[in-house]
Amino acid sequence: MDGPEALAPLLAQVLGALRVGAEARGGPLPAGGPAGVARLLRELLSPGALLPETGDPDALVELTRALAATAADPADPACAAHLQVPSLAVAAAADLAVAALNPSLDSWDQAPGATEIETAVLRLLAETVGFEHPDAAAGVFTTGGTESNLMALLFARDAVLAREFAVQGGGAIPAEAAGRLRIFCSAAAHFSLARAAAVLGLGPQAVVPIEVAEDGAMDPRLLDWSLADARTGGHVPCCVVATAGTTDRGAVDPLRAVAAVARRHGVPLHIDAAYGGGALFSRTLAPLLDGLGLADTVGLDLHKLGWQPVAAGVLLAADAATLTPLEQRVAYLNPMDDEEAGYSSLLGRSLRTTRRPDAFKVAVTLRSLGRDGLGRMVDRCHALARHAARVITAEPRLELVAQPVLTTVLFRYLPDPGPDDVGAGAAAGAGTGTGAGGLGVVDLVNAELRRLLLANGTAVVGRTELPGADGGVRLKLTLLNPHTTEADLDRLLALVVAAGAAVERERVGRAGPDQQRPSKTQEKHA
């Protein structure tokens with residue numbers, strides 16, 4: 001009730017506790033693995049401590065300190081596994097203002113200024129993605145790419161049901177359409193598309209993966225053929241989803257070519273630019289997104305290459321009428337006479353009712369840094385990825401998958417050959433020999449070295465698996481900290497090599513030599 005005066009001493013406590021907790025952690029994440037973290041938090045999280053009979057005046061400090069001590073810190077250069085950014089300080093401060101005022105965007109009278117701010121930010125983003133008529137566009141802030149993809153497929157589903165089956169107003173899927181709707185996307189598209197298809201009643205078979213080319217991007221010719229085959233087979237294309245920045249490789253589908261194919265077949269196009277959308281701020285990387293404005297809907301995540309605190313997802317629609325399936329008229333939130341009098345509500349643009357104005361921190365960031373400031377941050381992260389690729393290429397114990405497109409780098413550690421290994425079969429790659437979970441020996445070494453780094457609290461390196469005969473476990477750096485230096489990356493990759501050697505020694509000590517190191521040949525593609 002005392003407003004800012006009540007927050008000031010508490011904010012000082014939080015900042016102090018964050019500092020002390022980070023010092024106690026002493027690295028990118030706590031040492032000891034899951035068991036160690038559980039031990040550190042056990043006493044604080046016991047039922048009696050979480051809900052005592054009388055309140056604990058030290059709760060804020062103690063729990064904040066514990067949270068910081070047990071966090072994975074994306075601001076640490078050795079924390080480079082996921083699409084998790086260190087928040088901009090100015091954005092975090094802006095988020096505090098929102099938390100203090102606690103507006104909700106489901107009606108104008110709960111968030112008068114925030115309603116205007118979100119509308120203005122969305123209008124700017126519609127111009128930035130390149131919609132032909134940005135004044136006719138609309139959008140909404142979401143929790144991230146998963147919600148944006150769900151909403152985009154909802155709109156596409158309802159559009160095709162209305163057009164081809166005369167279903168109006170969000171009616172049920174008719175019997176003649178059940179099991180026939182299809183969504184076409186890259187084989188490397190985000191898993192949330194399959195989840196959305198299930199939620200929307202389309203079933204897992206609705207998602208048709210299109211094989212990718214060597215660079216990890218969708219082949220528009222295969223998309224063209226698949227759409228034609230679907231019609232021939234009695235299926236109904238519902239949506240084409242292009243990806244601008246795949247999670248593992250940062251690959252960008254050829255957006256303009258994909259848009260031409262979708263348009264030729266009369267199918268809505270959604271572009272998932274949750275990762276790659278931040279390239280719009282970069283003069284160097286923006287050409288990768290040529291054709292983005294040709295989509296019917298676009299998803300962006302500014303809590304990735306926008307450095308916002310979670311969440312700052314966005315769904316944009318080139319035509320505001322696309323959002324019609326979400327329209328609701330509720331007497332206590334957006335009565336018609338209020339709307340006619342200019343008290344506009346954003347209720348009908350979101351799947352959620354209560355919704356915080358995440359656009360505010362974005363507005364503060366855009367104005368504080370400008371296009372140039374954000375663009376330089378994107379370019380810096382891209383330059384770091386290219387440096388990491390050069391170091392990996394020069395290191396005999398490491399193997400690069402491909403040159404980075406955005407800010408991710410895929411590679412693997414190559415174990416030393418064992419003295420008893422002979423023949424070309426042992427040198428063929430990661431899949432030879434099997435161990436836990438059916439993984440080959442090289443895969444096991446890479447998986448174990450990553451866990452060793454986590455358990456020691458020294459580095460957070462990502463892991464993924466590539467399909468195909470030359471696939472298997474790969475390590476991943478996702479470089480989203482523009483303050484990281486080249487020397488930081490050199491140290492991080494040296495830690496990977498040292499951890500790999502330690503795992504090899506342990507394995508030899510347990511069971512003797514296992515597997516010959518594969519030859520380091522040309523860069524390999526999935």
Exercise for the section: Show your reasoning for whether salt bridge (charged side-chain N to carboxylate O under 4.0 Å, His left out) applies to D248 and R474. Expected result: CA-CA 10 Å; D248 282 341; R474 294 296 188 275; over 6 Å; no
Verify the neighbour count for atom [atom1] of [X]: are there more than 12 heavy atoms of other residues, nucleotides or ligands below 6.0 Å?
{"X": "R371", "atom1": "CZ", "result": "no"}
{"X": "Q205", "atom1": "CD", "result": "yes"}
{"X": "R380", "atom1": "CZ", "result": "yes"}
{"X": "R386", "atom1": "CZ", "result": "no"}

Practice prompt. Taking all heavy atoms of G276 and all of L406, pick out the closest pair and write down the distance.
Written response: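 It is CA-CD1, 3.8 Å.
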key: Over all atoms of both residues, closest heavy-atom pair of C185 and V207   =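 Reported closest heavy-atom pair: SG-CG1, 3.7 Å.
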Going by atom types only, do [X] and [Y] share a side-chain donor-acceptor pair under 3.5 Å?
{"X": "Q308", "Y": "S87", "answer": "no"}
{"X": "Y413", "Y": "E448", "answer": "no"}
{"X": "D301", "Y": "H303", "answer": "yes"}
{"X": "H483", "Y": "D488", "answer": "no"}
{"X": "T478", "Y": "T408", "answer": "no"}
{"X": "T297", "Y": "H270", "answer": "yes"}

Spell out, as yes or no, whether a donor-acceptor pair under 3.5 Å connects the side chain of D224 to the backbone of V261.
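Side chain of D224 to backbone of V261, a donor-acceptor pair under 3.5 Å: no, none is there.
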Look at the side chain of D272 and the backbone N and O of A274, then say whether any donor-acceptor pair between them is shorter than 3.5 Å.
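Indeed, once roles are kept as given, a pair shorter than 3.5 Å links the two residues.
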Distance-only criterion, 3.5 Å: show the donor-acceptor pairs between side-chain atoms of residues 235-247 and protein atoms not counting sequence neighbours.
| from | atom 1 | to | atom 2 | distance (Å) |
| --- | --- | --- | --- | --- |
| H235 | ND1 | R182 | NH2 | 3.4 |
| T246 | OG1 | G250 | N | 3.2 |
| T246 | OG1 | A251 | N | 3.0 |

